[in-house]
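Take a look at the structure below.
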Amino acid sequence: MFSDFDRFAMQRALTLAARGLESTDPNPRVGCVIAQRGGIIGEGWHERAGEAHAEVVALRASGAQAAGATVYVTLEPCSHYGRTPPCVEALTAARVARVVYATADPNPEVNGRGAAALRAAGITVDAGLLAAEACELNAGFIKRMQHGLPFVRLKLAMSLDGRTALADGTSRWITGQAARKDVQHWRARSSAILTGVGTLLADDPRLDVRLAEEAEGRGRRQPLRVVLDAHLRTPPGARLFSTGGEVLILTSLASPDDARAATLSARGARVESLPAVADRLALPGVLARLGELEANEVLVEAGATLAGALIANSLVDELLLYVAPTLLGPAARALVELPRLQELAAAPQFALMEMQQIGEDARLRLRPRPAGG
């Protein structure tokens, strides 16, 4: 069904889509290539929400040559009016002959309708080319559209013997500078960074993206910083408030006349109340709220208690685990807190997706195995 050139062109479109890895939120990352007679005549990628979609950018680059051409796009072209007009209309107006897309748009306003509209206009449509790669690029967007929840990535750093800090809590720095810089890119691609108040009180993290400013002088998008703080213990002087960007504090206590909430609001935080269970915020409700806020990917940087609770409740989609070539000994703090296991078969299981050396450390990406898998 698909030729070698089809695959080459779609792979190029995926490469273009990845350029938006850190900037398109909350929109999906999409790339587009337009070809005529075995040669590329135009290409583009979606950079930011509210700006031109990949197809429109590629059509502008192609000009009149787009008539009769084949369009390769990593996501089904949209057919509805959102922040921008439908791409289906632009493709139809350009009189392209064929559209090849990698995967259907999971947005209920689009799913299947874009392809149907193109076919109704007499355009040949082929779908499914490099679909797995396209889905991986937009795993968070797809999950949010299908389930109303973000893709949760839990970042952890440990020694060779699975420890995160000395017994007194000293943890700076287990991993090296290269690994810490690598984390900045995972922050940059995330919609939100989530931590618990315990980590905030112990480490006073900024949780912002500290990478070189983008070209064109428009600055870098900062993810939403989210603190789970059931009893509103967040200090008004926390470094979290000194770096710009939005801060959301989720609590079980806030009320319109709560002085602590008012103080934090005056520091620029948005304070919201959510249900709690056993004196702790209900984590499914937390993730549902972040889904409502259009968070596609959430990076969790937290201590052993919150990390363990997320794993125990099967709320983690991916582990991002940095391993330093050092040993801290049995008195050092454990990686996560999990309920006591009665049998080995009940232990959470993960599949290794990727392993890469980052400076002197190793970075592992793992995903949960299905129950019984």
Side-chain angles (χ1 to χ4, degrees), residues 1-18 20 24 26-38 40-47 49-62 65-148 296:
M1 179 179 178
F2 296 113
S3 68
D4 288 343
F5 182 81
D6 288 339
R7 291 181 173 81
F8 164 79
M10 186 62 78
Q11 186 58 63
R12 174 59 183 166
L14 286 165
T15 299
L16 291 167
T24 63
N27 285 1
R29 298 129 182 173
V30 183
C32 180
V33 164
I34 301 179
Q36 186 80 274
R37 293 182 292 278
I40 294 175
I41 59 173
E43 59 184 31
W45 54 284
H46 180 51
E47 183 176 357
E51 297 185 5
H53 287 191
E55 299 95 317
V56 173
V57 176
L59 286 170
R60 289 173 182 168
S62 302
Q65 296 180 82
T70 297
V71 176
Y72 300 88
V73 62
T74 58
L75 191 70
E76 177 186 4
C78 64
S79 55
H80 70 297
Y81 282 87
R83 294 182 177 95
T84 59
C87 291
V88 165
E89 291 186 1
L91 293 167
T92 302
R95 296 184 292 114
V96 304
R98 179 184 179 218
V99 171
V100 180
Y101 66 84
T103 185
D105 190 331
N107 186 337
E109 296 185 13
V110 180
N111 198 338
R113 297 179 185 177
L118 291 169
R119 291 189 177 104
I123 297 171
T124 300
V125 178
D126 295 312
L129 178 58
L130 301 184
E133 292 87 340
C135 289
E136 181 65 29
L137 193 62
N138 285 305
F141 177 78
I142 292 171
K143 184 180 178 184
R144 179 169 67 84
M145 285 294 160
Q146 292 180 339
H147 304 289
N296 292 332

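All values derive from a computational prediction rather than experimental measurement.
- Here the straight-line distance linking atom CZ of Arg29 with atom CG of Leu75 works out to 12.0 Å at 0.5 Å rounding.
- Residue pairs meeting the salt bridge (Lys or Arg N to Asp or Glu O under 4.0 Å) criterion with at least one member in residues 124-136, sequence neighbours excluded: Arg98-Asp126, Glu136-Arg365, Glu136-Arg367.
- With sequence neighbours excluded, no residue satisfies side-chain hydrogen bond (donor to acceptor under 3.5 Å, both in side chains) with Tyr101.
- For Phe2, there are no ring-ring contact (aromatic ring centres under 6.0 Å, His included) partners two or more places apart in sequence or in a different chain.
- When side chains are defined from C-beta on, Leu16 does not count as touching Thr74, because their heavy atoms never get closer than 4.5 Å.
- Contact between Ala54 and Gly44 at its shortest, heavy atoms only, is CB-O, 3.8 Å.
- Two residues are said to be in side-chain contact when any heavy atoms from C-beta on lie closer than 4.5 Å; Val57 and Cys32 fail this criterion.
- Taken to the nearest 0.5 Å, the SG atom of Cys78 stands 9.0 Å off from the CG atom of Leu91.
- What you find for Ser62 and Gly42 is that their closest heavy atoms are OG-CA, 3.4 Å.
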Sequence neighbours excluded and cut-off under 3.5 Å, please list the side-chain donor-acceptor pairs for residues 110-122, or say none.
residue, atom, partner, partner atom, Å
Arg119, NH2, Val125, O, 3.3

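- Residues passing the salt bridge (Lys or Arg N to Asp or Glu O under 4.0 Å) test with Arg144, sequence neighbours excluded: none.
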| message | Does Asp6 form a side-chain contact (heavy atoms from CB on, under 4.5 Å) with Tyr72? I'd like the steps, not just the answer. | response | CA-CA 8 Å; Asp6 288 339; Tyr72 300 88; 2.5 Å; yes
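- In terms of heavy-atom proximity, Val99 sits nearest to Pro77 at CG1-CG, 4.1 Å.
- Listed for the Glu76 side chain is a donor-acceptor partner under 3.5 Å among the backbone atoms of Asp105.
- His46 places no side-chain N or O within donor-acceptor distance of the main-chain N or O of Gly31, the cut-off being under 3.5 Å.
- Take Gln11 and apply the side-chain hydrogen bond (donor to acceptor under 3.5 Å, both in side chains) test, not counting sequence neighbours, and it matches no residue.
- Scanning both residues, Gln65 and Ala69, for their nearest heavy atoms gives O-CB, 4.0 Å.
- With values rounded to the nearest 0.5 angstrom, Thr103 atom OG1 is found 11.0 Å from Leu130 atom CG.
- Met10 contributes atom CE, which lies 4.5 Å from atom CG of Leu129 (distance to the nearest 0.5 angstrom).
- The shortest heavy-atom contact between Leu59 and Ala94 is CD2-CB, 3.7 Å.
- Atom CD of residue Gln146 and atom CG of residue Asn107 lie 11.0 Å apart, to the nearest 0.5 angstrom.
- Atoms OG1 and CH2, on Thr15 and Trp45 in that order, are 13.0 Å from each other to the nearest 0.5 Å.
- Heavy-atom minimum distance, Cys87 versus Val56: SG-CG2, 4.3 Å.
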